[in-house]
Q: 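Okay, handing you the structure first.
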2 protein chains.
Amino acid sequence: MVKITDVARHAGVSPSTVSYVLSGKRSISEETRRRVRASIRELGYRPHAGARALASSRSNVVALMLPLRSGVAVPVVMGFATSVVTAARRHDHDVLLLTQEEGEDGLRRVADSALVDALIVMDVQLRDPRLPLLRSLDRPSVLIGFPADAGDLTCIDLDFHAAGAACARHLAALGHREVAMIGSPPEVYERETGFAQRVTEGFAAAVREHGMTGGVHPCEASADAAKDLVGRLLAERPGLTGILVHNEPIVDPVVRALRAEGRRVPQDVSIVAICPDELAEHADPPLSSVAIPAEEVGGRAVELLMAKLDGEPVPAATLLPPTLTPRASTAPR
Amino acid sequence: MVKITDVARHAGVSPSTVSYVLSGKRSISEETRRRVRASIRELGYRPHAGARALASSRSNVVALMLPLRSGVAVPVVMGFATSVVTAARRHDHDVLLLTQEEGEDGLRRVADSALVDALIVMDVQLRDPRLPLLRSLDRPSVLIGFPADAGDLTCIDLDFHAAGAACARHLAALGHREVAMIGSPPEVYERETGFAQRVTEGFAAAVREHGMTGGVHPCEASADAAKDLVGRLLAERPGLTGILVHNEPIVDPVVRALRAEGRRVPQDVSIVAICPDELAEHADPPLSSVAIPAEEVGGRAVELLMAKLDGEPVPAATLLPPTLTPRASTAPR
DNA sequence: CTGAAAGCGCTAACAT
DNA sequence: ATGTTAGCGCTTTCAG
């Protein structure tokens, strides 16, 4: 194994000079830098990560804890993970993968053993048991999602309130007056991640603001429940022409239920969804939708983390503005 | 930070004794072990990962390189990743996540810097540029998938030949005599991962063996191409009653095309697919299928790696037997 | 069964 | 602008 002393000897300098050439932490003459760089290349030198971590108390690794639980869309998680890795590499960091299953112990383990310098935690619940732990760690962290009481923890996520509002506004702009939102199962609004609640609020506020009528209807994630609900909605509100669906598994069933009731999409009823792009694109018809910008969330989360590692102040909350992509499921009334 | 000397002092022993209690590399009296363990717990001691790696030249971290490219099913990749992490933890190892994008340089970087002890590489191509590199590294690795020339590299994957055969056998057992396989796009058979080729061979062999008739038809991954091909097949072979589809994106389109031609599934034509369970379950009707056992592949890959790290010999090739799950898309002729 | 002590390879004062 | 050197915290001979 090639070590720093080998490089130093080969370049005719001291080990510290090699170290400084690498870190750029002090000025080096052009000539010396050139020689050292050449030696490094020639010998194929790679600093030993462990030695470096020991001496500098920086591992240049960040932990990323991902959820397994169904309920979180797999493509979203993957997109998020890859963008975190890519962004981390831009800052010369690597990513250690943890599963939600490891929980607080896992986070404590990698933090206390100095395996990682910082942590990113995805799928944060409203009352997440990991929060007190993260607060107690001496290492910076970023949460994806907003817990009930974030305190001074750094959080980032799609602005779900704005997403709900954007969907209502989209329907309003198309001339719809009577709308409805088909939401997540009731229990999701009670515990879980809180974003569901925010969508309903944003939707309701925008409905009011644009002088439309319509409320929010939680719905179990089964095709039968969707069919029932759609039937009921149509019966009770004959003038209904626009629906926001925020309940991934029943996006398709809702459309099918409408057709079964003799309504065409989008000619008779327009549908907007908050769901992964993949789902929206492959639906029949392709759905106008707001997607979770997984790539951007991941990238930004890393930027926040790096700023914190550098001791820079960062905003406690970052809300990413939603983007509504119009597709074939919405039309003017 | 609590260090080993703190624990040693607290327990009234030497640092090396603490180390040996932790590693179990030499016998310790019951009494001493008890005291040391108590001190460790009481002080909340965690060995510094970097220091440990430096002293022992073992980081207890394995690299996992995952593909981003579309074409590899996202849920399969995720299932694989989580099973690798879970299995690695059972062996007291952590997992460093790399993206395919990082390529050979990424692998070299983490290996040469001693960041990782071993590597798992997914989505291995027939002629993969990473193979020579992996061979040249002084660290053990396991490949998911079989390249054209594996040499003595350790590989593991579903036995795709057996999978193709199992599907043909399933149709034969149901009494089908005229069958066909709708395969991947032609270019997949030329380069790429080689497994596509193996499916066709297994299918063809079993068709012959069971005295059935039927060939393999590559197909572009578009609904139109699927429709064309189904139309042609039905026209040319009026007696056709069984189809194996090995082309994820067009599984649904094939079923729809059959219906458009007036054939019911499974009453008129039986369909078997080689695709992720998720897709098969949600199809209409749910598809009899062989899935890639992502969980098992991940777990076994880690076991192989750990064996290699321990200097134990392992088989160069591991082929996991396929499991065909009968669902609603196949019926007796 | 346990201790003492020599590094592992690198960084960061401290010098000059 | 560069060199010298004292650790970083742990494992592992070497001794007993």
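In the text below, chain A, chain B and the rest are named by the order of the sequence lines, each starting its count at 1.
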Q: From CD1 of A/Ile40 over to P of C/dC10, roughly how many Å is that when rounded to an integer?
A: 10 Å

Q: Just do the salt bridge (charged side-chain N to carboxylate O under 4.0 Å, His left out) check on A/Glu30 and A/Arg33 with the steps written out, would you?
A: CA-CA 5 Å; A/Glu30 186 48 42; A/Arg33 188 175 15 239; 3.2 Å; yes

Q: Mind running a 4.0 Å heavy-atom check of residues 49-61 of chain B against DNA chain D and sending the residues that fall below it, in number order?
A: B/Ala51, B/Arg52, B/Ala55, B/Ser56

Q: Taking the side chain as every heavy atom from C-beta outward, state whether B/Ile292 and B/Phe80 have any pair of such atoms under 4.5 Å apart.
A: no

Q: Rounding to a whole Å, what distance do you find between A/Glu30:CD and D/dT2:C1'?
A: 16 Å

Q: Using the side-chain contact (heavy atoms from CB on, under 4.5 Å) rule, pick out the option among B/Leu305, B/Val110, B/Asn60, B/Val61 that qualifies with B/Asp117.
A: B/Asn60

Q: Taking only the side-chain heavy atoms of A/Arg26 (C-beta and beyond), determine which of C/dC1, C/dC10, C/dA13 contains the nearest atom.
A: C/dA13

Q: CZ of B/Arg33 versus P of C/dC1: gap in Å, rounded?
A: 9 Å

Q: Send over the distance from A/His48 NE2 to D/dG9 P, rounded to a whole Å.
A: 17 Å

Q: For B/Asp117 and C/dC8, what is the distance between atoms CG and C1' respectively, to the nearest whole Å?
A: 15 Å

Q: Quick one: A/Lys3 NZ to C/dG7 C1', roughly how many Å, whole number?
A: 10 Å

Q: Just how far, in rounded Å, is C1' of C/dA5 from CD1 of B/Ile4?
A: 14 Å

Q: Verify the neighbour count for atom CD of B/Glu104: are there more than 12 heavy atoms of other residues, nucleotides or ligands below 6.0 Å?
A: yes

Q: Assess whether a salt bridge exists between B/Asp6 and B/Lys3, defined as any Lys/Arg side-chain N lying under 4.0 Å from an Asp/Glu carboxylate O.
A: no

Q: Got A/Leu143 and A/Thr154 here, is their nearest side-chain heavy-atom distance under 4.5 Å?
A: no

Q: Does D/dT2 have OP1 or OP2 under 4.0 Å away from a side-chain N or O of A/Thr32?
A: yes

Q: Could you pick out which residue, A/Ile28 or B/Tyr45, lies toward the 5' side of DNA chain D when each is mapped onto its nearest nucleotide?
A: A/Ile28

Q: With a 4.5 Å heavy-atom cut-off, do A/Glu312 and A/Met306 have their side chains touching?
A: no

Q: What are the residues of residues 13-24 of chain A, sorted by number, that bring a heavy atom to within less than 4.0 Å of DNA chain C?
A: A/Ser16, A/Ser19, A/Tyr20

Q: Please report, rounded to the nearest Å, how far the C1' atom of C/dG9 is from the CG atom of A/Leu43.
A: 15 Å

Q: Do A/Met65 and A/Leu119 touch side chain to side chain, with heavy atoms closer than 4.5 Å?
A: no

Q: Is there a side-chain polar atom (N or O) of B/Lys25 under 4.0 Å from OP1 or OP2 of D/dT12?
A: yes

Q: Could you walk me through whether B/Arg89 and A/Glu101 pass the salt bridge (charged side-chain N to carboxylate O under 4.0 Å, His left out) check?
A: CA-CA 11 Å; B/Arg89 288 301 309 140; A/Glu101 208 172 26; over 6 Å; no

